[in-house]
Amino acid sequence: MHKRAIGFLSALCIAGTAFMCSAVSSTPAIANPNFKGKAVKFIVPFSPGGGTDTFARITTKHMRQFIPGKPKTVIRNAPGGGSVIGANMGYKAKPNGLTLLVTSGSTVMENILRSKGVEYYLETMHPIYSAPSGLIYWTSPEVIKEPLDIFDTDQLIFGHISPTGGTGSLFVWAKELLGFTSKDIWGYEGGSAARGAFHQGEVNIGGESTIGFNSSMLSYLDKKEIVPMFQSGILDENGNVIREPAAPDVPTVAELYEMKYGKKPSGQAYEAYKLIVGTRTYGKAMLLPTETPAEVVAAYDQAVTEMIVDKGFLADAEKMNPGAPHFSGASLKKSYPQSVAAPPELLEFMKKVYREKYNATLE
Amino acid sequence: MLRKSVTLLCLIMAFMLTLSSANAAEPKAAADQASYKLDKKIKIGLSGEGFAAGQEIRILIMAAKDGAEYDIGYALDPEPVPDDAGKWATTWDAGRFVGKKLVKEGANQLQVTDADYNALAEFTVTFEK
């Protein structure tokens, strides 16, 4: 009897130890990742309700159906520092497949410029899904009648958050490449504040993502209350700048250059512009941390592969940005690192322009 | 003798378990008002009790759009951390959620979770026009 009691207690201890071990272990099964009963966190480095947050909300709504184990998905907004705070958080997250970073063009610009406070390296992370989000700029019909008129006026006034931000940087490099003039006002709190400044007449140039333009500015275009100037465009699979499918009638900066000067653009300003077009092409992306095991990355790649042919997802994506392609898998992993970092000599040139013309010191 | 001892031990353990479960406060949380205006400047007091002292807690809301669950931590001040008595209190700056229509008129479901988003308590915040 005594031996039996000891045996029972021993078994109890072993079972208890095993239970405690399983309870404290948080490492996912690497050989066959399954996230059943877990929550996957998507860090959005902006406030809720904006473009990147909307991209995350709609994408995760569909993606969770295809992640092994169909986990709960949670959006964690971490705004501040032009997306640097949240991006640092996502970069440093445990590489266990339970945290992903959602980026925008601004996040990529900060990565390229290595601004103060940037501790993340997007080129080392694992992109699993990306969708382009180009930019469109417009002005008032009192200022120009057609895009080529921007070269013949000194009345243009642009305003946005900063010359290194997503919308500001494309404008800066369009100006550098095209050679038109404008008065620039920096320091608006956000995209909606800059849009408000346009509507109140403080500035007469507005800039918006294609998604935002199609949802909030099309009615002004229909009433001829605005005139499109140019769009950023996006990169095709060969690295050429093309018009976004959602804005087929607006010339790209490169096209406007050709229309004005009769030749294709080239030089460092063009390379800087193309770099920023890359940030718009791959800016809206979902990334796993650098050290994430290959099996977990593969599981997410498979989930995205299934998601981007799903009818429900495609219907929602079409509402967000009509005709936009969906980047995933090996081609995304090949293109992405080249689009989120700059060659040293190009970076030096860009920093020099920011320093000398915009009084923007990045270190 | 041994059988009696084991039986007695089991009885004592069962008694202690019953006692501890009766004493352990069930975690619960609530908003400080029955309802709030759908106002872009609204701030909402939230509090809870019965949590483990010092435990990391997160607060989630089931958004009114796309069934998304949002961790509202960035909009809480101060960060909610249960004190030695297991109580916490914070203020939710919910204006952005109102402005972007991520909360709806009527009852909105919120959840207090641990750091891994396992549910600890649920409560509602009601908005009215």
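Letters A, B, ... are given to chains in the order of the sequence lines, protein chains preceding strands, and every chain is numbered from 1. Since the model is a prediction, treat every value here as computed from it, not as a measurement. Every heavy atom of this structure was used, including side-chain atoms; hydrogens, water molecules and symmetry mates were not.
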inquiry  = Does anything in residues 58-75 of chain B reach chain A? List residues with heavy atoms under 4.5 Å apart, or say none.
reply    = B/Arg58, B/Leu60, B/Lys65, B/Asp66, B/Gly67, B/Ala68, B/Glu69, B/Tyr70, B/Asp71, B/Tyr74
message = Check this for me: B/Glu128, atom CD, are more than 12 non-hydrogen atoms of other residues, nucleotides or ligands nearer than 6.0 Å?
response = yes
request  = Calculate, to the nearest 0.5 Å, the distance between atoms NZ and OH belonging to A/Lys72 and B/Tyr117 respectively.
outcome  = 9.0 Å
note = Whatever's closer than 4.5 Å to a heavy atom in chain B on A/Thr73 counts as backbone
ask   = chain B: which of A/Ala39, A/Gly80, A/Ser47 shares the most heavy-atom pairs with it under 4.5 Å?
value = A/Ser47
key: A/Glu291 atom CD, neighbour heavy-atom count above 12 within 6.0 Å   = no
task = Show your reasoning for whether side-chain contact (heavy atoms from CB on, under 4.5 Å) applies to B/Lys100 and A/Asp53.
result = CA-CA 11 Å; B/Lys100 295 294 178 181; A/Asp53 184 73; over 6 Å; no
key: Interface residues of residues 85-97 of chain B facing chain A - non-hydrogen atoms under 4.5 Å apart   = B/Arg96, B/Phe97
ask   = Tell me, which pairs form a salt bridge (charged side-chain N to carboxylate O under 4.0 Å, His left out) where one or both residues lie in residues 310-320 of chain A, sequence neighbours left out?
value = A/Lys61-A/Asp316, A/Asp316-A/Lys319
task = Enumerate by number any residue of residues 27-48 of chain B whose heavy atoms lie under 4.5 Å from heavy atoms of chain A; in the absence of such residues, state 'none'.
result = none
